[in-house]
Amino acid sequence: MTDSLAAPGTRAPSGSPVQRFRVLSGEFTVEHVKDGRVPADGDWRVLHRAPEGLTVVREVREPAAGEEDGTERWSGLYGETSHDLDLPGVVAAVTGPLAAAAVPVFVSSSFHSDLVLVPRERLAEARAVLRAAGHEVTG
């Protein structure tokens, strides 16, 4: 599973493997569904069930005419790196530098990769922080 990390043995200054991210098009919202019902429209990127309900990540839908849009918007960075599940520090290598720069994140990990959401107005800063930490970011 480690074949999509940067060149074998390549390490970021933190000592963790260099990761490649691509910025996803569109903007995302993170919603909490208390009753845990899966959205009927199937228009979602991530579903995460927990005891307190269901977390849904989906692309932002534009409000209908006359509706207010109070939606918190996030930009997505998708990891183009797969890694063994027992490789320590992979998520920390990304979230650590962002935390040090006070950039909020919402992370969802799958079997193959990680989706890192940052507030849309902080995307340029997040890109710069990740690049300075030795990671690759495209888009």
Side-chain angles (χ1 to χ4, degrees):
M1 212 185 325
T2 58
D3 60 337
S4 66
L5 289 172
T10 304
R11 300 277 174 190
S14 66
S16 297
V18 168
Q19 297 179 58
R20 288 190 300 257
F21 288 91
R22 101 180 122 83
V23 177
L24 299 175
S25 62
E27 295 175 340
F28 299 88
T29 184
V30 179
E31 303 169 1
H32 178 238
V33 181
K34 286 183 184 180
D35 65 13
R37 275 191 264 163
V38 174
D41 60 13
D43 183 25
W44 48 267
R45 283 283 176 109
V46 174
L47 294 178
H48 181 94
R49 188 172 305 283
E52 61 278 1
L54 185 72
T55 299
V56 179
V57 175
R58 65 171 79 222
E59 286 192 43
V60 171
R61 292 179 270 191
E62 294 306 317
E67 284 185 352
E68 298 227 3
D69 183 14
T71 303
E72 187 172 13
R73 294 170 182 246
W74 299 78
S75 293
L77 298 139
Y78 186 73
E80 302 267 295
T81 52
S82 59
H83 49 78
D84 292 332
L85 297 177
D86 62 351
L87 183 63
V90 174
V91 174
V94 174
T95 58
L98 292 170
V103 176
V105 299
F106 180 90
V107 178
S108 178
S109 297
S110 71
F111 187 83
H112 292 287
S113 194
D114 303 302
L115 171 64
V116 179
L117 300 179
V118 298
R120 72 172 174 182
E121 65 276 1
R122 308 280 304 268
L123 176 60
E125 182 182 0
R127 278 187 189 129
V129 166
L130 291 173
R131 287 177 178 144
H135 303 293
E136 300 171 17
V137 182
T138 60

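Computed from a prediction, not measured in an experiment: that's the story for all the values here. Positions are given from 1, in the same order as the sequence printed here.
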>> Measuring from atom CG of L130 to atom CZ of R20, what distance do you get when rounded to the nearest 0.5 angstrom?
In response: 14.5 Å
>> For the backbone of E31 and the side chain of R58, can you confirm whether one donor and one acceptor N or O come within less than 3.5 Å of each other?
In response: no
> Residues two or more places apart in sequence or in another chain: which of them pass side chain to side chain contact (heavy atoms under 4.5 Å, CB included) with S109?
Replying inline: V91, V107, D114
> Do you reckon F21 sits in the same ILVMFWY cluster as L123, going by side-chain contacts under 4.5 Å, direct or chained?
Replying inline: yes
> Looking only at heavy atoms, what is the nearest atom pair of Y78 and S113, with distance?
Replying inline: OH-CB, 3.5 Å
>> Tell me the closest heavy-atom pair linking A92 and P97, and the distance in Å.
In response: O-CD, 3.8 Å
> Do the side chains of V38 and V46 join up, straight or via other hydrophobic residues, at under 4.5 Å, putting them in one cluster?
Replying inline: no
> Which atoms form the tightest heavy-atom contact between P104 and A102, and what is the distance?
Replying inline: CD-O, 3.4 Å
> Which atom names give the shortest non-hydrogen contact between A93 and Q19, and what distance separates them?
Replying inline: CB-NE2, 4.0 Å
> What's the spacing between T138 OG1 and R131 CZ if we round to 0.5 Å?
Replying inline: 8.0 Å
> Considering only heavy atoms from C-beta outward, does the side chain of L47 approach that of P39 to under 4.5 Å?
Replying inline: yes
>> Can you give me the closest heavy-atom contact between R120 and S75, atom names plus distance?
In response: CA-OG, 3.4 Å
> Ignoring hydrogens and geometry, is there a side-chain-to-backbone donor-acceptor pair from R22 to G139 under 3.5 Å?
Replying inline: no
> Same cluster for V94 and V137 if Ile/Leu/Val/Met/Phe/Trp/Tyr side chains link at under 4.5 Å?
Replying inline: yes
> What about L77 and V105, same hydrophobic cluster or not, with Ile/Leu/Val/Met/Phe/Trp/Tyr joined at side-chain heavy-atom distances under 4.5 Å?
Replying inline: yes
> side-chain hydrogen bond (donor to acceptor under 3.5 Å, both in side chains) with D35: which residues, sequence neighbours excluded?
Replying inline: R37
> Does the R45 side chain pair with the main chain of E59, one donor and one acceptor, at a distance under 3.5 Å?
Replying inline: no
>> Between V30 and T55, is the side-chain contact (heavy atoms from CB on, under 4.5 Å) condition met? List the steps.
In response: CA-CA 7 Å; V30 179; T55 299; 3.8 Å; yes
>> Do V57 and H48 make a side-chain contact, defined as non-hydrogen atoms from C-beta onward lying under 4.5 Å apart?
In response: no
>> Between L98 and V116, does the side-chain contact (heavy atoms from CB on, under 4.5 Å) criterion hold? Intermediate values first, please.
In response: CA-CA 10 Å; L98 292 170; V116 179; 4.2 Å; yes
>> As an exercise, state the distance from CH2 of W74 to CG of L24, rounded to the nearest 0.5 Å.
In response: 14.5 Å
> Checking side-chain contact (heavy atoms from CB on, under 4.5 Å) for the pair E52/H32: CA distance, chi angles, key distance, verdict?
Replying inline: CA-CA 9 Å; E52 61 278 1; H32 178 238; 4.3 Å; yes
>> One pair to check against side-chain contact (heavy atoms from CB on, under 4.5 Å): V18 and E136. What are the steps and the verdict?
In response: CA-CA 7 Å; V18 168; E136 300 171 17; 4.0 Å; yes
> What is the minimum heavy-atom distance between V103 and A126, and which atoms define it?
Replying inline: CG1-CB, 4.3 Å
